Visitor: 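Here you go, one structure.
In the text below, chain A, chain B and the rest are named by the order of the sequence lines, each starting its count at 1. Being a predicted model, the structure only gives us computed values, none of them experimental.
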Amino acid sequence: MNKTPPTAEPEKLPNFVLEIVERDVATGKNDGKVMTRFPPEPNGYLHIGHAKSICLNFGLTQAVPGAVCNLRFDDTNPSVEEDEYVRAIQEDIRWLGFDWNGRLYFASDYFEKLYAIAEKLTLEGKAYVDSQSLEEIREGRGSFYKPGRVSPFRDRSAAENLDLLRRMRAGEFPDGAHVLRAKIDMESPNQNMRDPVMYRIKREHHHRTGDAWCIYPMYDFAHGYSDAFEGVTHSVCSLEFENHRPLYDWFLDQVPFHPRPQQIEFARLNLTYTELSKRKLRQLVENKVVAGWDDPRMPTLAGLRRRGFTPEAIRAFCDRIGVSKRNSFVDVSLLEHAVREDLNARCRRAMGVLRPLRVVLENYPEDQADAFEAPWFPEDVSRGGRRLPFGRVLFIDREDFAETPPKGWFRLSPGTEVRLRYACLIKCERVIKDTLGQVVELRCTWDPESRGGNPKDGRKVKGTLHWVSEKHSTAAEVRLYDRLYKTEHPGEESGDSMADLNGASLETVSARLEPALASAPVGDRLQLERVGYFCVDPDSRQGALVLNRTIGLKDSWAAKQPK
RNA sequence: UCCGGCGUCGUCUAAUGGCAGGACAGCGGAUUUUGGUUCCGCUUAUUGGGGUUCGAAUCCCUACGCCGGAACCA
């Protein structure tokens, strides 16, 4: 029997980021202060990969006394950023169970301070205005194998550069006419150091600053300083920024800051059968492959929430996958395990039939009306229950009947007897088919001496089926979700994950549920016994319930069957 | 061909010069009015080669493999 207490947070794995932080605290670096930040660009919804970063950054504040974590929107590219995303991101972080405690920042709040630094660097001869075209700049930057070539504008005087920069800001030049570049090293083997662009002219409405600016700072220039302005000590980002660290440090070297932030890189999450590229996820939404960012098939937090995942399950998953520098693919079954583990401990059990098959009990009197007691939590009957109305006509799941049963079949088949959970034993006498040969109804008999499920004579049956009474049951639309992609690594073969979409990722069925479920509120989670975990979708209306299957139960019978 | 990073069970991850451990997955078994849960058990790993050392997954050298990098994106 299941004695599992309500979900407990599992032990966190040790990880190298936490080790660095703890060492820095121990050695008194930054006067013992620890500040991290989670810096999303508001250009899409957060997904399970972001959850890993959130759990790391905010989780550090729970592991290290006095540590804090900021939420900072990295909104330096107005072309792609929107307020909708700012709101959704905050909602998702809160839902996940974390709080930035008012430490909410925007890179765009620093535009004035960043610009001041740009002027300072320009004045000091560490930055210059380049008037080459985009193509010329790209060409001049060289390649993996070819060193860069200096721009013909690289030696403009500080005064001329400052004048041009001010006029850039003032809007005197068209988009693309000039950029501000850091003067570093065009021959560096690290291409990020080959005079990176600091500002570009871009006449685009910004979601917060509106039209106040026509020049916008680039990530590399803005990020480290934004960290420094806030007092961030440990700036955790993903592996693809490793090559940017020398540049991060170079910018910080030009202005004294205490504490001085340190960039630390870790491997972002990859999940099998899952796409976690924001660009690709946006494509799914824009191409209407899914119903929206919160489609329950999406790996977004909004999607997982609507699917019925709990924040506890996602946190437990993140704690369990660890943090390292190895790029890896986590098996999606680990996520599924975390979800089942949490849902198993918290969900009440109920009965519902996904694909109803009519069962008529020929020896059950028309006017008889039994009802059977059933606990909501079979493993803790003290938590209450309900009565299941019974009758002459019932529904069982089509999957629980086989006219010619395979080896090892415990369920119903002609001439065999099974238990209806909490009710009684029934035996299949006859199969009724339509003109196409499809089974449309089963004629059965019940054993009146087996009320509650145990026969008087003590005979055993192998199978126990879920059921509902036709007359009393309530109808529901049930949405069954499968993996969005049919391959373990979507896009691996063709280069485009769209090619590996699972066309059957959503199946909608007309189910019948036990009557007590008719009033289940939106968001309610439950287990349909023998079937899976479900939650009530916001699309539900009075009398028209919509259920999402969060995840099926483990099914060792189905797993063993030949495909 | 350049720069940076990474190589531990099928997968993810521990070990910080001293018994290669855990989780998931898989496979058995027990219990079970959910083919669920729970419990018990089992299989499986240090990329190769050299070196240092009483002792190496760990340090050094070397080879190989994988990932990232050539936006006025982040």
Visitor: Fit a plane to each ring of A:W557 and A:F410, take the angle between them on a 0 to 90° scale, and name the class: parallel (under 30°), tilted (30 to 60°) or perpendicular (over 60°).
Guide: parallel
Visitor: Give the rounded distance in Å between these two atoms: CD1 of A:I551 and C1' of B:C24.
Guide: 13 Å
Visitor: What residues form a salt bridge (Lys or Arg N to Asp or Glu O under 4.0 Å) with A:R421, not counting sequence neighbours?
Guide: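 In terms of salt bridge (Lys or Arg N to Asp or Glu O under 4.0 Å), with neighbours along the sequence ignored, A:R421 is linked to A:E529.
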Visitor: Side chains of A:E275 and A:S497: any donor to acceptor distance under 3.5 Å?
Guide: yes
Visitor: Output all residues satisfying salt bridge (Lys or Arg N to Asp or Glu O under 4.0 Å) with A:E399, sequence neighbours left out; order by chain, then residue number.
Guide: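 By the salt bridge (Lys or Arg N to Asp or Glu O under 4.0 Å) rule, A:E399 matches A:R355.
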Visitor: Between atom CZ in A:R421 and atom P in B:U37, what is the gap in whole Å?
Guide: 14 Å
Visitor: Any Lys/Arg nitrogen of A:D195 or A:K183 sitting under 4.0 Å from an Asp/Glu carboxylate oxygen of the other?
Guide: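 A salt bridge is absent here (no side-chain N lies under 4.0 Å from a carboxylate O).
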Visitor: For B:U34, does either OP1 or OP2 sit under 4.0 Å from a side-chain N or O belonging to A:H466?
Guide: no
Visitor: OP1, OP2 of B:U13 versus side-chain N and O of A:S328: anything below 4.0 Å?
Guide: yes
Visitor: In dot-bracket, 5' to 3', how would RNA chain B read with Watson-Crick or G-U wobble pairs under 3.5 Å, [ ] for crossing ones and | for pairs to another strand?
Guide: .((((((..((((....[..)))).(((((.......)))))....(((((..]....))))))))))).....
Visitor: Report, as yes or no, whether the 6.0 Å neighbourhood of atom NZ on A:K325 holds more than 12 heavy atoms from other residues, nucleotides or ligands.
Guide: yes
Visitor: Measure from CG on A:L334 to P on B:C12 and round the result to the nearest Å.
Guide: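 Atom-to-atom, A:L334 to B:C12, this comes out as 11 Å.
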Visitor: Within the structure shown, what part of the strands sits under 4.0 Å from A:E265 by heavy-atom distance: base, sugar-phosphate, or nothing?
Guide: nothing
Visitor: In whole angstrom, give the distance that lies between atom CG of A:N270 and atom C1' of B:C12.
Guide: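 Roughly 12 Å, once rounded to whole Å.
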Visitor: Just how far, in rounded Å, is C1' of B:G29 from NZ of A:K560?
Guide: 12 Å
Visitor: Relative to the 5' end of RNA chain B, which residue comes earlier, A:V531 or A:S333, by the nucleotide with the nearest heavy atom?
Guide: A:S333
Visitor: Would the number of heavy atoms belonging to other residues, nucleotides or ligands and lying under 6.0 Å from NZ of A:K462 be above 12?
Guide: no
Visitor: Determine the Euclidean distance between corresponding P atoms of B:U44 and B:C9; express it in Å to zero decimal places.
Guide: 14 Å
Visitor: How would you label the glycosidic angle of B:A57: syn (within 90° of 0) or anti?
Guide: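 This nucleotide is in anti.
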Visitor: So A:E19, base contact, sugar-phosphate only, or nothing? Heavy-atom distance under 4.0 Å.
Guide: base
Visitor: At under 4.0 Å between heavy atoms, how does the protein contact nucleotides 64-74 of chain B? Give one character per nucleotide, 5' to 3', with B, S or -.
Guide: ---SBBBSBSB
Visitor: Looking only at side chains, do A:S151 and A:Q132 share a donor and an acceptor under 3.5 Å apart?
Guide: yes
Visitor: Which heavy atom of A:T550 sits nearest to which heavy atom of A:C535, and what is that distance?
Guide: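 Here A:T550 and A:C535 meet closest at OG1-N, 4.0 Å.
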Visitor: Anything under 30° is parallel, anything over 60° is perpendicular, the rest tilted; go ahead and classify A:F73 against A:F106.
Guide: parallel
Visitor: Return the set of residues passing salt bridge (Lys or Arg N to Asp or Glu O under 4.0 Å) with A:R181 (not counting sequence neighbours), or none when no residue passes.
Guide: A:D130
Visitor: Have a look at A:S324 and say if it touches a base, only the backbone sugar-phosphate, or nothing, with a 4.0 Å heavy-atom cut-off.
Guide: sugar-phosphate
Visitor: Establish, with yes or no, whether the OP1 or OP2 oxygen of B:G35 is under 4.0 angstrom from a side-chain nitrogen or oxygen of A:R530.
Guide: yes
Visitor: How is A:P14 classified with respect to the nucleic acid when contacts are heavy atoms under 4.0 Å: base, sugar-phosphate, or nothing?
Guide: sugar-phosphate
Visitor: Under the criterion salt bridge (charged side-chain N to carboxylate O under 4.0 Å, His left out), which of A:D397, A:D400, A:D555 is the partner of A:R530?
Guide: A:D400
Visitor: Do any N or O atoms of the protein come closer than 3.5 Å to N or O atoms of nucleotides 19-21 of chain B, and which pairs are they?
Guide:
none

